[in-house]
Number of protein chains: 2
Amino acid sequence: MIKNKKYSVRVRVWIDETNGPFLGIGRIWLLEHIAETGSITNAAKEMKMSYRQAWQLVEDMNKQAEAPLVEKLLGGKGGGGARLTEAGQRAIKTFYSLEKKINDFVSKESSKIKF
Amino acid sequence: MIKNKKYSVRVRVWIDETNGPFLGIGRIWLLEHIAETGSITNAAKEMKMSYRQAWQLVEDMNKQAEAPLVEKLLGGKGGGGARLTEAGQRAIKTFYSLEKKINDFVSKESSKIKF
DNA sequence: TTTTAATATGCTTTTAAAAACATACCGATG
DNA sequence: CATCGGTATGTTTTTAAAAGCATATTAAAA
C-alpha cells in the first residue's frame, strides 16, 4: 500500500559561545519583546513566561556577549525598565539574516529529497 | 572592555510529515541501535531510555513513513526482535546525507559571521 | 505442549524544568 | 523623603515528560 505522504525539512539554528548556547530563536523573541515593551517584566508577560526565567535568559545573554545586549535601568520614574543596546539590535539582525540564509538553502535541498 | 569570544553556529535538522516530526537525529540513533542489537529492548537499554518510549517512537516512525522502517518479529526462538526494513536503512542514509549538506553549508556561513 | 524472551500496552511513580511566590533593592521625581 | 513599579534573587510549588512497573500476547523451536 502506497501512502504518498508529504515531507518537509526543518532546522533550528543556534549561535553558541564557548560556555554554551548564546542565541536561539526563543532568546531573539525575548529581545524583540523587551524592545517593544521597554521592560523584562512586560516582555515576560506577553510571552507567557515567568519574569525570573526571562531575567535569567537576559543575564546569560549579556554574559556571553562581547558587550551586553540588554541594558537594565534600576529605579527611577516607572521603577526602571530595560532596553536593547546597539549590540542587542545588531544581534537580532545578524541572527535573522543567518537564519534566512540557512532556511533558503534548506528549502532548496529539501525539494530535492525523495522519500 | 573587549571580551573577544568565540562563536559557532549549530543547527538541528528534522524531517517532518504532515502529522508532526518524522525523523530527527534521536530517532536515527534509535534505528541504528535497533539494527545493531536486533531488538527494541536492547536498543533501549543501550540508549538508556525506557523500552516503552523506544517502542512508541518506532510506532510513530512506522506510521508516518510511506512504508515501515522497522519490522517487528513476534514470538519465536528468542521471543522475537526487530530489524530495519529497506526503507529503514534508506532513511538513515538519506537523513545523514541531508544533515551533512546542511552542516557543510552552515559551517561555511558560520565563518563569515562577525559578532 | 512447554519454554522462551521480546513485543504490546495500561497504570503508577520519578524527576527535572518551569512557574509561582515572596521580598529586598533601586533611584528618578512629585 | 515617600511613592512607584521594575529589577534582583532565594525558596516553594506545579506540571508535563520520561521512566518504571506489571502483565498479557506472540510463535518458533526444543
Side-chain angles (χ1 to χ4, degrees), chain A residues 12 14 19-22 24-65 67-85 87-88, chain B residues 12 14 16 19-65 67-85 87-88:
Chain A
R12 179 108 193 216
W14 288 270
N19 303 325
F22 169 45
I25 189 63
R27 291 179 179 204
I28 293 294
W29 285 337
L30 178 56
L31 291 180
E32 291 177 314
H33 278 94
I34 290 170
E36 279 167 26
T37 64
S39 75
I40 298 175
T41 296
N42 286 323
K45 273 180 193 146
E46 291 211 348
M47 296 181 72
K48 285 164 207 255
M49 61 167 26
S50 65
Y51 167 79
R52 196 197 164 70
Q53 161 92 328
W55 180 86
Q56 282 176 344
L57 289 171
V58 168
E59 278 298 291
D60 196 53
M61 279 190 265
N62 277 349
K63 287 212 183 82
Q64 310 227 33
L69 306 186
V70 175
E71 178 181 12
K72 278 101 136 264
L73 316 168
L74 272 215
K77 185 166 82 99
R83 64 179 175 218
L84 298 198
T85 61
Chain B
R12 178 108 193 216
W14 288 269
D16 289 355
N19 304 325
F22 169 45
L23 284 180
I25 188 63
R27 291 180 179 203
I28 293 294
W29 285 336
L30 177 57
L31 292 181
E32 293 177 314
H33 278 94
I34 290 170
E36 280 167 26
T37 64
S39 76
I40 298 176
T41 297
N42 287 324
K45 273 179 194 146
E46 291 211 349
M47 296 182 73
K48 286 165 205 256
M49 62 166 27
S50 66
Y51 167 80
R52 194 192 165 73
Q53 160 92 328
W55 179 86
Q56 281 176 346
L57 289 171
V58 168
E59 277 299 292
D60 196 52
M61 280 189 265
N62 277 349
K63 286 211 183 80
Q64 311 226 34
L69 307 186
V70 175
E71 179 180 12
K72 279 102 137 263
L73 316 169
L74 274 214
K77 183 168 83 103
R83 63 180 176 218
L84 298 198
T85 61

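Lettering of chains follows the sequences in order, A, B, ..., and the numbering in each one begins at 1. Values in this document were obtained by computation on a predicted structure and should not be read as measured data.
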Find the distance Gln56(B):CD to dT9(C):P and express it as a whole number of Å.
10 Å
Holding to side chain to side chain donor-acceptor pair (under 3.5 Å), I want the full list of residues that pass it with Arg83(B), two or more places apart in sequence or in another chain.
Glu71(B)
Restricting to side chain to side chain donor-acceptor pair (under 3.5 Å), what partner residues turn up for Glu32(A), sequence neighbours left out?
Tyr96(A)
Taken to the nearest 0.5 Å, the spacing of Leu57(B) CG from Trp55(B) CH2 works out to 11.0 Å
Atom pairs under 3.5 Å: protein N/O with N/O of nucleotides 12-16 of chain C:
none

Rounding to a whole Å, what distance do you find between Leu57(B):CG and dA17(D):P?
14 Å
Tell me the interatomic distance from Leu74(B), atom CG, to dT25(D), atom C1', rounded to whole angstroms.
8 Å
Is there a side-chain polar atom (N or O) of Lys72(B) under 4.0 Å from OP1 or OP2 of dA8(C)?
yes
Which of residues 76-84 of chain B have a heavy atom under 4.0 Å from DNA chain D?
Gly76(B), Lys77(B)
Could you pull out the closest heavy-atom pair between Asn62(A) and Leu69(A), with the gap in Å?
OD1-N, 2.7 Å
If you check every side-chain atom of Gln53(B), which of dA8(D), dT26(D), dA18(D) has the closest atom?
dA18(D)
Got a sec? Which of residues 35-52 of chain A come in under 4.0 Å of DNA chain C, heavy atoms?
Lys48(A), Met49(A), Ser50(A), Arg52(A)
Value in whole Å for how far the P atom of dA8(C) lies from CG of Asp60(B)
14 Å
Nearest-0.5 Å distance, CG of residue Leu84(B) to CD of residue Glu36(B)
10.0 Å
Quick check on the helix from dT1(C)-dA30(D) to dG30(C)-dC1(D): what's the angle between its two end axes, five base pairs per end, to the nearest 10°?
10°
Applying side-chain contact (heavy atoms from CB on, under 4.5 Å), can you list everything that pairs with Asp60(A), at least two apart in sequence or on another chain?
Arg27(A), Gln64(A)
Check whether any side-chain heavy atom of Leu30(A) lies under 4.5 Å from a side-chain heavy atom of Val70(A), and answer yes or no.
no
Give the rounded distance in Å between these two atoms: CD of Glu59(B) and C1' of dA8(C).
8 Å
Would you be so kind as to tabulate the donor-acceptor pairs closer than 3.5 Å made by side chains of residues 40-47 of chain B, with sequence neighbours excluded?
| unit_1 | atom_1 | unit_2 | atom_2 | d |
| --- | --- | --- | --- | --- |
| Asn42(B) | ND2 | Ser39(B) | OG | 3.3 |

For Ala87(A) and Ala67(A) the tightest heavy-atom approach is CB-O, 4.0 Å
Testing dA18(D), dT9(C), dT7(D) for proximity to the side chain of Trp55(B), the answer is dT9(C)
Nearest non-hydrogen partners of Gly26(B) and Arg12(B), listed with the distance
N-NH2, 3.9 Å
